[in-house]
Structures are given as C-alpha cells and as structure tokens.
> 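My structure is below; once you've seen it, I'll send some questions.
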Amino acid sequence: MGESPELERTNLLGLSGSELKEFFLANAEPAFRASQLMKWVHQRGLADFSKMTDLSRSLRERLSAMAEIKAPEIVLEQASADGTLKWLLRLDDGNCIETVFIPEENRGTLCVSSQVGCALDCTFCSTARQGFNRNLSSAEIVGQLWLARSRLKDVKDSVRSISNVVFMGMGEPLLNYDAVVSAMSLMLDDLAYGLGKRRVTLSTSGVIPAMDRLKDALDVSLAVSLHAPNNPLRDRLVPLNKKYPLEQLLPACKRFVSSKSRKNSVTFEYVMIKDVNDHPEHARELVRLLRDIPSKINLIPFNPFPQTRFQRSDPGSIDRFREILIASGLHTITRKTRGEDIDAACGQLAGKVIDRSRRKERFDRLGERLR
Ligand code: SAH
C-alpha cells in the first residue's frame, strides 16, 4: 500500500484529428497543437515528444509524462521472392497480427489487419481457422502503417513507398467500426498520411448496417467479398450470408455507390475455388446478379493453407470465367497472387491468435474442415 500505481499514459498514435484536438483542449492547450503533433508523428514518423521542436519545452515535458506514441512491435520480417514483405507484429497482450506490403510498378499497397483473428467463419480463409481474440485499437491499426513506413525507409533496393492501404488483412473491419474509422480518417488526413479516397479500401464480407454507416461517415473505397452468385453457395462459403443474404447485400452496395459525392464503383472479390464456384454457369449467374450495379470484379485464385480441402481453380477455368464476365461488360481482373512463398497471400494470414472462440481447438481436433 502507499505506492501509487504507475499512471497509464494515453497513446496518441491512433487519435484522429478531431480526437487529438479534443485531447489538447481538455488539457488547456489550443486546438492547433493537434496539427503540429500529427505532422511530427505521421509525416515524420517521430515518437519522441522531446524532439518536437515547435512545441514549447514545458508542453513537451508534460506530453512525455502523460502520453505516448506507441505502435505494435515488429517480431519478424519476411521477404518474398517477388518483393512482398510480411511483418509479424506483437501486441501488448501477447497476440500477434500480420501486415503485408505489396510493391508493384506504379504503386505500393499495404494490407492491414483490423482484428486479432476473425469472428466470422469463412470456410476458405485461414484467418478464420485461428479463431478470434479481440478488436484492434485504432493505434494498433494505424500503427501498422506508421511502422511499415519507417521500415521501408531503411530498405534501399527499390522505390518503396506506400501509396495505397487495403483493409484485407486479418479480421472483418466493419465489426470493428469505430477504431477502423478513426484509423482511416488519419490515413485520409492531409496532416497525417494524405492518401486519396480511392487509395484507401475497406474490404468486408457484407456487414450491411455498418456499410450504411460508413457511406455517411467517410469517403473511402469499398470492396465486398462476394465469392458466390447465389445464396445456397454463399451460405456455405461466407456464413455471414445467412444473416445478410444477397437480396439485402446488393441493394446495400447500390446505396453505397449512389451516396453523396461518390461516383465510383464497388469492387467485388470472388475467390476462385476449383469445382466449387468456378463453373461457366456461376459466371453467368454473377452477370445477372451484378448487371445494374457499377462494379469491378477481382477474381482471386484461391490460396491454399494447411488442412483446407479446397483447391485453386485451374488457370484455364479462371480465364474462361473472366471472359464470360468481360463479354457481358463487367470490368474484371484476375488478382495476381503475391507473397505466396511466405504465406502472405490473400487468406493466408494467421498471426498468433490467443483464441477465445475455441474454434482453433475444434479444427485441430477434427484435423480438417468438414464442410
Ligand atoms: N474480412 C474482410 C477482409 C479480409 S480478407 C473480407 O471478408 O472482405 C481479404 C480478401 O481475401 C477477402 O476477399 C477474402 O475473402 C479473401 N480470401 C480469404 N481467404 C482466401 C484464400 N484462401 N484465398 C484467396 N482469397 C482469400
């Protein structure tokens, strides 16, 4: 007794511009301190308040005592033969998540995680097998970008800057709405990362109420994991479909593209699984389904992981599928598989999840997925 517990310091890394203003106002400082701090932290990558020279010495000391800039810790960096980089990041509670950087000729895409594991149970995704622990905080989400930017500065061999961010790592971002929106607003903010609205993409399995909230909150691009052209098949692949079936999901996509300033389209992701959803009839059904929605389709060759019974579609089937969509006027590309040799491709991210859903245990016991 008698000893005062160590004061918990406020982590400012994940606060959006307006949250940071509130923080300074609550501490009897003018709101413009928020802009000064954001530039130091997000544009210059600084975590040490004492080096932020346009703040008074006394403010720097106060900040050091009561606040911190804290990102997850990099515990492993892996490089793929194709230049893709994957980081394993440890969080304060011992969980680990993964973040992937994908360099291309004219852009560099960072794929961030939004949750530790995933609470959804998509049958073709390895993150689902890990079970679920918790939502990431906004600091843990934006911290992935903050860390990746500073790491990429040290790698000298090519042009490696982050021009795009996609929420396609571990987790369902729309089930962690508040933290994801704070993190995205920093990504868009000119005082922080200043990424254009077309360059920040949220991918969802189709959490309809949150899609409707998002369209009024922030101007970002939306990708929807479709994977099947009808309810019975989608129920099997994306069980969330039982709650939000296609006849509700597609109108929600339409509402998203027709809202306010948005004239762009929705990207539909469609994983190509051999003999499951890759027949020409599925393609024709997809055409009928998407006919009147401004859309782009990304075909993703299925990426295998241990204990899955699914296989990747043959290149020929993928090409035939794509041709049918293109012939019907649907803008379609096949996503190039990247980082496969380091398990960094879509659906292969696993991290280290201290599972609370007992799903991992169930899978390990069964040895393979039974559905
Ligand atoms: N929960 C979000 C974002 C995470 S997954 C969502 O469902 O959209 C990002 C994309 O990778 C999704 O389209 C997902 O369906 C796809 N994906 C998952 N597992 C895959 C696998 N094994 N092979 C290829 N793509 C996969």
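In this chain, numbering begins with 1 at the start of the sequence shown. Whatever order the structure lists ligands and atoms in, that order sets their numbers, starting from 1.
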> If you measure from each non-hydrogen atom of Val271 to ligand 1, which part falls under 4.0 Å: side chain, backbone, both or neither?
side chain
> Mark up the atoms of ligand 1 that fall under 4.0 Å of a heavy atom belonging to Cys125, in ascending order.
18 (C), 19 (N)
> Using heavy atoms and a threshold below 4.0 Å, how should the contact between His227 and ligand 1 be classified: side chain, backbone, both, or neither?
side chain
> For the 3.5 Å polar cut-off, considering only N or O atoms, please tell me whether Arg335 and ligand 1 meet it.
no
> Out of the candidates Ile293, Leu299, Thr332, only one should pair with Phe268 under the side-chain contact (heavy atoms from CB on, under 4.5 Å) rule; please name it.
Ile293
> Answer yes or no: are there more than 12 heavy-atom neighbours, outside Arg199 itself, under 6.0 Å from its atom CZ?
no
> What heavy-atom pair brings Ser113 and Leu136 nearest, and what distance separates the two atoms?
O-CD1, 3.3 Å
> Looking at Glu285 and Arg288, does any basic side-chain N land under 4.0 Å from a carboxylate oxygen?
no
> Under a 4.0 Å heavy-atom limit, does Phe167 contact ligand 1 with its side chain, its backbone, both, or neither?
backbone
> Within a distance under 4.0 Å of any heavy atom of Ser205, pick out the atoms of ligand 1 and give their elements.
1 (N), 6 (C), 7 (O), 8 (O)
> Do ligand 1 and Ser126 have nitrogen or oxygen atoms that lie under 3.5 Å from each other?
no
> Among side-chain atoms of Tyr270 and His227, is any donor-acceptor pair under 3.5 angstrom?
no
> What protein heavy atom sits nearest atom 20 (C) of ligand 1, and how far away is it?
Gly347 CA, 3.3 Å
> Enumerate the atoms of ligand 1 whose separation from the nearest heavy atom of Glu269 is less than 4.0 angstrom.
10 (C), 12 (C), 13 (O)
> Would you say the side-chain atoms of Glu172 pair up with the backbone N or O of Leu174, donor to acceptor, closer than 3.5 Å?
yes
> Work out whether the distance between some heavy atom of Cys118 and some atom of ligand 1 is less than 4.0 Å.
no
> Any Lys/Arg nitrogen of Arg151 or Glu77 sitting under 4.0 Å from an Asp/Glu carboxylate oxygen of the other?
yes
> Is the backbone of Met272 close enough, under 3.5 Å, to the side chain of Ser313 for a donor and an acceptor to pair up by distance?
yes
> For the atom pair NE2 (His282) and CD1 (Ile324), what is the distance rounded to the nearest 0.5 Å?
11.5 Å
> State the atoms of ligand 1, each with its element, that fall below the 4.0 Å cut-off from a heavy-atom position in Asn303.
21 (C), 22 (N), 23 (N), 24 (C)
> Counting non-hydrogen protein atoms only, what is the nearest one to atom 25 (N) of ligand 1? Give residue, atom name and distance.
Cys346 CB, 3.4 Å
> Check for me whether Gly171 has a heavy atom closer than 4.0 Å to any atom of ligand 1.
yes
> Quick check on contacts: which atoms of ligand 1 are under 4.0 angstrom from a heavy atom of Ile300?
24 (C), 25 (N)
> Side chain, backbone, both or neither: which applies to Met168 and ligand 1 if a contact is any heavy-atom pair less than 4.0 Å apart?
both
> Nearest protein heavy-atom contact for atom 2 (C) of ligand 1: which residue, which atom, what distance?
Ser203 O, 3.3 Å
> With respect to Thr99, which candidate in Leu89, Leu85, Leu147 satisfies the side-chain contact (heavy atoms from CB on, under 4.5 Å) definition?
Leu89
> Of all the atoms in ligand 1, which lie at a distance below 4.0 Å from a heavy atom belonging to Gly169?
4 (C)
> Without hydrogens or angle criteria, can the side chains of Glu247 and Asn231 be said to hold a donor-acceptor pair below 3.5 Å?
yes
> Give me the residue, atom name and distance of the protein heavy atom closest to atom 6 (C) of ligand 1.
Ser225 OG, 3.3 Å
> Between Glu19 and Ser182, do the side chains contain an N or O donor and an N or O acceptor separated by less than 3.5 Å?
yes
> May I ask you to identify, for Thr127, whether its side chain, its backbone, both or neither come under 4.0 Å of ligand 1 on a heavy-atom basis?
neither
